[in-house]
2 protein chains.
Amino acid sequence: MRVTIRDVAKRSGVSVSTASLALNNKPKVSPETREKVLRAAQELNYHVHHTARNLAVGMTYQIGLFTPVSLEHTFSSSDFFTKLIQGIYNAAQDKGYSLMLFVADEAADVAAQVDRWIRSRSVDGFLITHPSFQMPYLDVLRTNAIPFVFVGRPPETGHTSPISYVDNDNVQVARKATEHLLELGHRRILFINGPARFTYAQDRLQGYQDALQQYDVSLDPGLVKAAELTFVDAHHVTEQTLEEQDFTAIVVLNAMQALGSIQALAKHGLSVPQDISIVASNSALTAYIHPPLTTVDIFPYQLGFQAVQLLQRQIVEDAIDHAIVPCQLIPRSSTVALH
Amino acid sequence: MRVTIRDVAKRSGVSVSTASLALNNKPKVSPETREKVLRAAQELNYHVHHTARNLAVGMTYQIGLFTPVSLEHTFSSSDFFTKLIQGIYNAAQDKGYSLMLFVADEAADVAAQVDRWIRSRSVDGFLITHPSFQMPYLDVLRTNAIPFVFVGRPPETGHTSPISYVDNDNVQVARKATEHLLELGHRRILFINGPARFTYAQDRLQGYQDALQQYDVSLDPGLVKAAELTFVDAHHVTEQTLEEQDFTAIVVLNAMQALGSIQALAKHGLSVPQDISIVASNSALTAYIHPPLTTVDIFPYQLGFQAVQLLQRQIVEDAIDHAIVPCQLIPRSSTVALH
DNA sequence: CTGAAAGCGCTTACAG
DNA sequence: CTGAAAGCGCTTACAG
């Protein structure tokens, strides 16, 4: 038999309303009464019935975690997503929210689905990863005035109103990577960026340029390449550039790209770091790769944690804001000074 | 203003109860009435309030997706998890369930948390990935008699009662991989298995043995190795075995291991498939690797889909059962006949 | 086939 | 500080 607040009230000899007040730590209840109620609850192993409470207060205490998984490449080769979710989950728990998972399938009519979720009052707000994804649901979100925050800087598409988001400091990611190589004496640095459709690629290019400028090195467009975050793409781009350009160092985005590059170099008799230095970001596989990669670490856990905080602020006080998570250079053996 | 079933009833000129009956497609309502109600609902853009309905029917229509993310290695190098979730999500949608995400943190007192979730009536049942994880919550699940199914065969720890689960046909995975190499004429096949603590490793070893036996090849214990699903571990094991044993082919578990092995071989002047053939399973990175790997594909999407079906059967009719998803050999250029 | 009523388990004004 | 009552939005016996 389920134990209800009724049982708790009865056992502690107070009314249901008083029991509720005590259980919810409301101010206007005497210490002794509260004590009595709490003890009774404990003895009966009482736990509030979420559904009932939610109905009464008109909230769901659920956050919709909305993920376009179809973009699997982006995540599959790293623990980015795992860490991100961990951060989201912990922050949500702290604030009394649960996470409802929504997987966006490109095929489905995402906008209509989002509309249904909102109208069926399933969530208090949304956390949306990867805003560079097509966003047909954006209008629905807005007309329903439901809180949401993006993980990743949304592209500028002439939004009328501002959007809450969290993101890595992608400018710094590329800047630190590049600066590190410049400090080691490298001047011709191949920059393998992500696809232009992602905002982080724009930001990282900026960081690369900033670093060069700081060291008075002029940018050679032939050293800036775009590639998907895959082994083959990096392999291909590296090999191709090898034929056209001289360079002594490479900045790549992630470990998969690093692996692809390293193998392309090996194929041409070049080894890392003896002949070419490499720095990557996103440390996922770093420990499992040979040689251990110098990386600019990003912090997806923090990203997730802060995303929830922003969302909660939007839910309770309607605040729109954004947060940028800093990054950190971790030197390892894949980079070496140029003689 | 929220539109409720009251509004629908009013607009269609029937009582609230009739409206409810019609909306839920209950049999005892005349076609004309149903039609009227449905039209009104449509016109008003009515959607049932989930929380209210759930409270009334005493269910949550939520499935708890319970994942020990701490085991990141296992998933990080593949799209296994992504596909799995996709399958789970789609099946859940089909059956009217939403997914509530629970991330198990080793540090936290998981059992106590599970207890809270159950008592607060947050879910109708659990889907639990990776049962080889420590399972201190198992007792809680059982004493509360809440439905749950494992993704992956749970280890035999003297359970009194049977447990529902889905799993890949891991015996066949290893068997097909090995048979393929045997057919190509290979006889000395290095088998790099996963860590012994996982049930799939037991199953796969079985498959390897079965295949050898079928071809009357006696098992050489020196060719059976355990490694984590990582680049370095596979690299290390491969290199080590190279010094002790002769072999012409390797069976590895996933693409990360394949990469590690390939690099170890390269270091010793051996290339794939000219000198050594390799077959992997779990096709995640296959397309991004050079050379393209012969794999035994597994189907995590199906795994997820079927897990939900089993759970739902357990919820509605208390049925305990299990399902095994078949696998499939995909020959590519990393394997070649022995001359 | 349809309607009035009770109830799911909680919270929150409103009196006292 | 405490209690009786109404209400959150739905569903489901129970009569008719």
Side-chain angles (χ1 to χ4, degrees), chain A residues 1-38 40-41 44-62 96 98 116-124, chain B residues 1-38 40-41 44-62 96 98 116-124:
Chain A
M1 286 300 75
R2 168 157 194 91
V3 17
T4 81
I5 197 175
R6 252 205 166 66
D7 302 315
V8 176
K10 197 166 297 170
R11 183 181 247 264
S12 45
V14 301
S15 74
V16 168
S17 24
T18 302
S20 173
L21 260 17
L23 255 9
N24 288 295
N25 250 307
K26 293 290 161 82
K28 37 185 80 178
V29 61
S30 76
E32 307 84 57
T33 310
R34 181 189 314 284
E35 174 68 23
K36 256 194 318 193
V37 173
L38 260 30
L44 294 170
N45 194 12
Y46 168 80
H47 292 266
V48 68
H49 189 302
H50 276 164
T51 307
R53 190 235 292 261
N54 293 346
L55 180 59
V57 303
M59 289 189 63
T60 65
Y61 287 102
Q62 300 215 108
S98 343
R116 264 216 313 289
W117 296 327
I118 296 174
R119 302 205 110 74
S120 61
R121 290 287 144 114
S122 299
V123 297
D124 294 338
Chain B
M1 285 299 75
R2 170 159 192 88
V3 17
T4 80
I5 197 173
R6 249 202 172 68
D7 303 313
V8 176
K10 197 165 298 171
R11 182 180 246 263
S12 45
V14 301
S15 73
V16 168
S17 23
T18 301
S20 173
L21 260 19
L23 254 10
N24 288 294
N25 248 307
K26 293 290 160 83
K28 37 185 80 178
V29 60
S30 77
E32 306 85 59
T33 309
R34 180 188 315 284
E35 175 67 23
K36 257 193 318 192
V37 174
L38 259 30
L44 293 171
N45 194 11
Y46 168 80
H47 292 265
V48 69
H49 190 302
H50 276 166
T51 307
R53 191 234 293 262
N54 293 347
L55 180 59
V57 303
M59 290 188 66
T60 65
Y61 287 103
Q62 300 215 106
S98 342
R116 263 216 314 289
W117 295 329
I118 296 174
R119 303 205 111 72
S120 61
R121 289 288 143 111
S122 299
V123 296
D124 294 338

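Residue numbering restarts at 1 for every chain, and letters A, B, ... go by the order of the sequence lines.
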For a quick test of reading the model: is some side-chain N or O of Lys26(B) closer than 4.0 Å to OP1 or OP2 of dC1(C)? no
With a 4.0 Å cut-off on heavy atoms, is Thr4(B) in touch with a base, just the backbone sugar-phosphate, or nothing at all? sugar-phosphate
Suppose we define a pair by two distances each less than 3.5 Å, Watson-Crick or G-U wobble; what does dA13(D) pair with here? none
Classify the nucleic acid contact of Asn24(A) as base, sugar-phosphate or nothing, counting any heavy atom under 4.0 Å across all strands shown. sugar-phosphate
For Val48(A), which contact category applies under a 4.0 Å heavy-atom criterion: base, sugar-phosphate, or nothing? sugar-phosphate
Nearest heavy-atom approach of Thr4(A) to Tyr46(A) is C-CE1, 3.5 Å
Sort out for me which residue in His49(A), His50(A), His47(A) forms a side-chain contact (heavy atoms from CB on, under 4.5 Å) with Arg119(B). His47(A)
Heavy atoms only, 4.0 Å cut-off, all strands: where does Val16(A) land among base, sugar-phosphate and nothing? base
Over 12 foreign heavy atoms within 6.0 Å of CZ, Arg2(B): yes
Identify whether any heavy atom of Ser20(A) sits under 4.0 Å from a base atom; if not, whether one sits that close to sugar-phosphate; answer base, sugar-phosphate or nothing. base
Classify Thr33(B) by what it touches in the nucleic acid, base, sugar-phosphate, or nothing, heavy-atom distance under 4.0 Å. sugar-phosphate
So which one's nearest nucleotide on DNA chain C is more toward 5', Thr18(A) or Ala56(B)? Ala56(B)
